[in-house]
Amino acid sequence: MSTFKINKRPGIRWVSRSISFLSVSSCSIHFILFVAMAAPLAFDARSATILSVTLPANPDQLEIDTTIDITVNVDSPDLQLLGFKLNFDESILEFVDGSFTPASSGVETGDFGDIILPGDPGSQDSGQIIFLSDCGTFTTCISDRNLGADLLFSFKLVTIDSGQSSIALSSISAFNTQNMEEATQGPNPNDTVTIVDNTPPTASCQDVTVQLDGAGSGSVSGPSVDNGSTDRFGIQSLSLAPSSFTCANVGTNAVTLTVTDSNSNTSSCTASVTVEDTVEPVGTCQAATVQLTSAGGVMISPDDVNVGQTCDLSILVVSPSNFTCANIGTNTVTLTVTDNSSNTSSCTASVAIQDNVEPTSLCNNVTVQLNAAGTASLSTPAVDAGSTDACGISSVTVSPSSFTCANVGTNSVTLTVTDSNSNTSSCTGSVTVQDTTVPTATCQDATVQLSTAGSAALDSTTVNAGSTDACGISSVTLSPSNFTCVNVGTNTVTLTVTDSNTNTSNCTSAVTVEDNIDPEPMCQAVTIQLDSSGNGIVDAGEVNNGSTDACGVTLSVLPLSFTCANVGTNQVTLTVTDNNNNTASCTGAVTVEDNVAPTSLCKNVTVQLDASGDATISTTEIDATLTDACGISSVTLSPSSFTCVNVGTNTVTLTVTDSFSNTSSCTASVTAQDIVVPTALCQAITIQLDSTGSATISGANVDAGSTDACGIASLAVTPSSFACADAGTDHVVLLTVVDENGNIGECSTTVHVEGWSIDLDLSAGWNLISFPGRPFRFDFLDAIIGSVWGWDMNSLSAVTRGQISGNHGYWMYTRLDPESVVVCGRTVDSSASLVDGWNLIGVVSDTPIDMLSQAYTIRKPVWRWSGDQFIPESDVLRSIVGYWVFAVPLPGN
């Protein structure tokens, strides 16, 4: 009997719990207090002091298995800070032979302070008093009680047999300490004790062999694989997966045996099921129908006539298997079946050979001409472009085959091809019907007068003298039909006659065009300028004020030339003559002036910028020729100085002023050139290949401060890319410095590429190799099967290697022979690290065995692998080869 006094706030409801055992065995049980609250709780069982441990959102449990003091903090603004103190002695119960027995007697009493659980009266917040052990959890509480403020309750353990699944508590007593009235309730159906067996059974398997039956099926049961699986409470079932097998499973198969005990606990183990097939083959045939191909032949396979009843067939042969057009109809074939043990059987089948392949019809596009009667016919061979059929063609027809004028143009015709087995196909061709007969054109001559506007028109009917065409004329045109002054005289015109099918013919005639109208002269006053030599000429067109004639005029003026003596107004006569020699005249005034500016002529020059990027020019360098009849007073030039920004073509202006303030100017191109090469400065560098075995540099990487007065445009280095083959060597590179004006300076330096590169030759099978450093490009991994193996010098065993480094030997397997791959990487210490006993090593370069270590004696020979056997080596170790070396420490090491 264990009794606890609980001071409980009125209205709190306790929730019933059950007793659970995780396993059934001899063990001890301790009193444990479980408190479930919605607020966070925290504690440290070692010191029984509240620490910052937060329970999850759902209420959790506190576990205490000795006499300790506990303080509980409720972290909620609507709850008061409270505490409780639990003092009780440890009570031990033993589970022996299926029942609990107290190890010592007595009553344990615990005093709880005012425990205030969160929530209103009637809520479902709960507190529990629990026994806990390595056997499981024993829980009890008062269910749905609301008996007052101060409660005293007791409970009593009863005997629990291992065969029972649940029992009822013997009694629960509750007391209201305020009036000391006792309320006692007997066993409650909700207050139960449940024994739960959570211990899985012990599963044990054995390998078995099963034979496939004639249908290629076999099965295995769980008991046949079971090798004595056990459980204290008995085995409920044995299940096996997979348990059925077919031909696809011949050989060794992994299966899983699942063992379930009487309380639904499970465990499993694996075994091997060897599936064997010892049934002789059975050949079963079926009739088949096959079609000839477009080539007139067909080959059948054994699968076409085989029904297939067994799963160990190695050879199926059918004879005959080839058929042609000659075999159309029913043919008998023999199927021979051979199993993996060379047993054979055969059967016969009927194979129907059919030709359902249509012939290949090919059409030509043709052109036919209508005859004089307007008809044309088409032959079949003209349309057939070589139609074919593997089994022969019996007939070829074309439709339609005759044409008239109504069919002029493109017409579709159908070519129908029928083969020897009545299969037909057709194609469509184009037949172009043409009418090429031209009409008859007949012409006559005519005369026409120009109007005052200088034009005349002529109708085609005036020239047509009765043109004809057998199929009718659609149009008659005349060219040219309109005439102007340029046509005065005899003109040849062409009459074009077009029939209904656009065939045309022409004839020509002479058309005489006449003009008898005089021109109308008109004059005006003009002003002319003397030139630089003091001379001036007036043009008749300048005096003309719009003299007209429908057919155009020719102008002449007298006088027409003037000098400085003629400055002022002069009278001239303008004579107007039309193009057909009709003439008239009028008079006009010419005023002569001298406003000629001086003559300025420039020439283009080229100047070079100096080392500081500057250049200047004078007017005499640009002046080509400067003249003026009245003299020159001044000459100026702009611009006259240039810098780097002016490299290229620049426009300059030369301005000339004469004695009467007339000015002129000319422009010239001044080409400023920068031909000073930049100063190229180089520096040597060292680079690392990246994880792909490549590296790239730029001109800036090797530049040591190259300069140019007008600025540097680009830096380029050649070569700029490096790969595995360049590892471990110095490479001469050329730095090309280009300034902003394309001048080029160069210098060279060296680039050292750190690392190493080897050509690794792998043979089919096992290879024992090494590397002169740590690889970072693993091309060889694509060639190997499985893992890369090394030697663990501590456990003295072979292990797979996830990281590969230099000076170690490695085993790898490949199916390719030969396989050559490039491997490159970073350089490491060239000395191998040895331990006492066997070592799997490699060397960076050829190394005498006696020089491997100063701390160990190397027992000769050392061993390398030749692809199929170990080969002794007693002199020099070579790089890229892995060696087995037995090392013995020298005295003092």
Side-chain angles (χ1 to χ4, degrees), residues 291-297 325 355-444 459-482 492-509:
Q291 304 294 330
L292 292 179
T293 67
S294 59
C325 295
D355 174 20
N356 291 325
V357 179
E358 297 178 353
T360 300
S361 54
L362 300 174
C363 288
N364 284 323
N365 296 328
V366 297
T367 299
V368 296
Q369 303 292 335
L370 293 178
N371 57 22
T375 62
S377 61
L378 181 67
S379 66
T380 298
V383 179
D384 188 5
S387 303
T388 59
D389 187 87
C391 293
I393 293 175
S394 62
S395 66
V396 182
T397 61
V398 65
S399 177
S401 60
S402 60
F403 306 93
T404 65
C405 294
N407 304 116
V408 170
T410 301
N411 303 267
S412 293
V413 297
T414 301
L415 184 74
T416 302
V417 182
T418 304
D419 68 9
S420 301
N421 295 306
S422 300
N423 299 305
T424 64
S425 69
S426 62
C427 61
T428 301
S430 294
V431 175
T432 301
V433 178
Q434 296 179 343
D435 173 19
T436 58
T437 303
V438 300
T440 301
T442 305
C443 292
Q444 61 187 354
D459 187 81
S460 61
T461 57
T462 304
V463 177
N464 185 15
S467 301
T468 60
D469 186 87
C471 296
I473 294 174
S474 63
S475 67
V476 179
T477 61
L478 181 66
S479 180
S481 59
N482 292 310
T492 300
V493 297
T494 301
L495 185 71
T496 301
V497 181
T498 304
D499 67 10
S500 300
N501 293 311
T502 69
N503 297 304
T504 63
S505 64
N506 303 314
C507 62
T508 61
S509 64

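Values below: every heavy atom of this structure, side chains too, minus hydrogens, waters and symmetry copies. Along the sequence shown, the residues carry numbers beginning at 1. Remember, predicted model here, so these are calculated numbers, not experimental data.
Side-chain contact between Leu415 and Val396 is present, with at least one heavy-atom pair separated by less than 4.5 Å. Taking the side chain as every heavy atom from C-beta outward, Phe403 and Leu378 approach each other to under 4.5 Å. Residues Ser387 and Asp384 meet the side-chain proximity criterion, which asks for heavy atoms closer than 4.5 Å.
A side chain to side chain contact (heavy atoms under 4.5 Å, CB included) with Val493 is found for one member of Pro480, Cys507, Cys443 and no other, namely Pro480.
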Mind running side-chain contact (heavy atoms from CB on, under 4.5 Å) on Thr494 and Leu478 for me, showing each step along the way?
CA-CA 6 Å; Thr494 301; Leu478 181 66; over 6 Å; no
side-chain contact (heavy atoms from CB on, under 4.5 Å) between Thr367 and Val431: does it pass, once the steps are laid out?
CA-CA 5 Å; Thr367 299; Val431 175; over 6 Å; no
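Pairs of residues two or more places apart, or lying in two chains, that qualify as disulfide (SG to SG under 2.5 Å) and include a residue from residues 362-394 are Cys325-Cys391, Cys363-Cys427. Counting only residues at least two apart or in different chains, side chain to side chain donor-acceptor pair (under 3.5 Å) contacts with residues 409-419 comprise Asp419-Asn423.
Taking OG from Ser425 and CG from Leu362, the interatomic distance works out to 8.5 Å, rounded to the nearest 0.5 Å. Atom CG in Asp499 sits 4.5 Å away from atom CG in Asn503 (nearest 0.5 Å). Here OG of Ser500 is found 9.0 Å from CG of Asp435. Values are rounded to the nearest 0.5 Å. With rounding to the nearest 0.5 angstrom, the CG atom of Leu495 is 10.0 Å from the OG1 atom of Thr508. Rounding to the nearest 0.5 Å places OG1 of Thr404 at 7.5 Å from CG of Leu370. For the atom pair CG of Asp355 and OG of Ser422, the computed distance is 10.0 Å after rounding to the nearest 0.5 Å.
Here the closest non-hydrogen pair linking Ser294 and Ala390 is O-CB, 3.5 Å. Scanning both residues, Asn506 and Ala441, for their nearest heavy atoms gives C-CB, 3.8 Å. The two residues Pro400 and Val413 come nearest to each other via the heavy atoms O-CG1, 3.5 Å.
Looking at residues two or more places apart in sequence or on another chain, you find a side-chain hydrogen bond (donor to acceptor under 3.5 Å, both in side chains) between Gln434 and Gln369.
Side chains of Thr375 and Asn371: a donor-acceptor N/O pair is present below 3.5 angstrom, by distance only. Using modelled atom types, one finds no donor on one side chain facing an acceptor on the other under 3.5 Å when comparing Thr462 with Asp459. A donor and an acceptor atom, one from each side chain of Asn464 and Thr461, are nowhere located under 3.5 Å apart.
The closest donor-acceptor contact from the side chain of Ser509 to the backbone of Gln444 lies under 3.5 Å.
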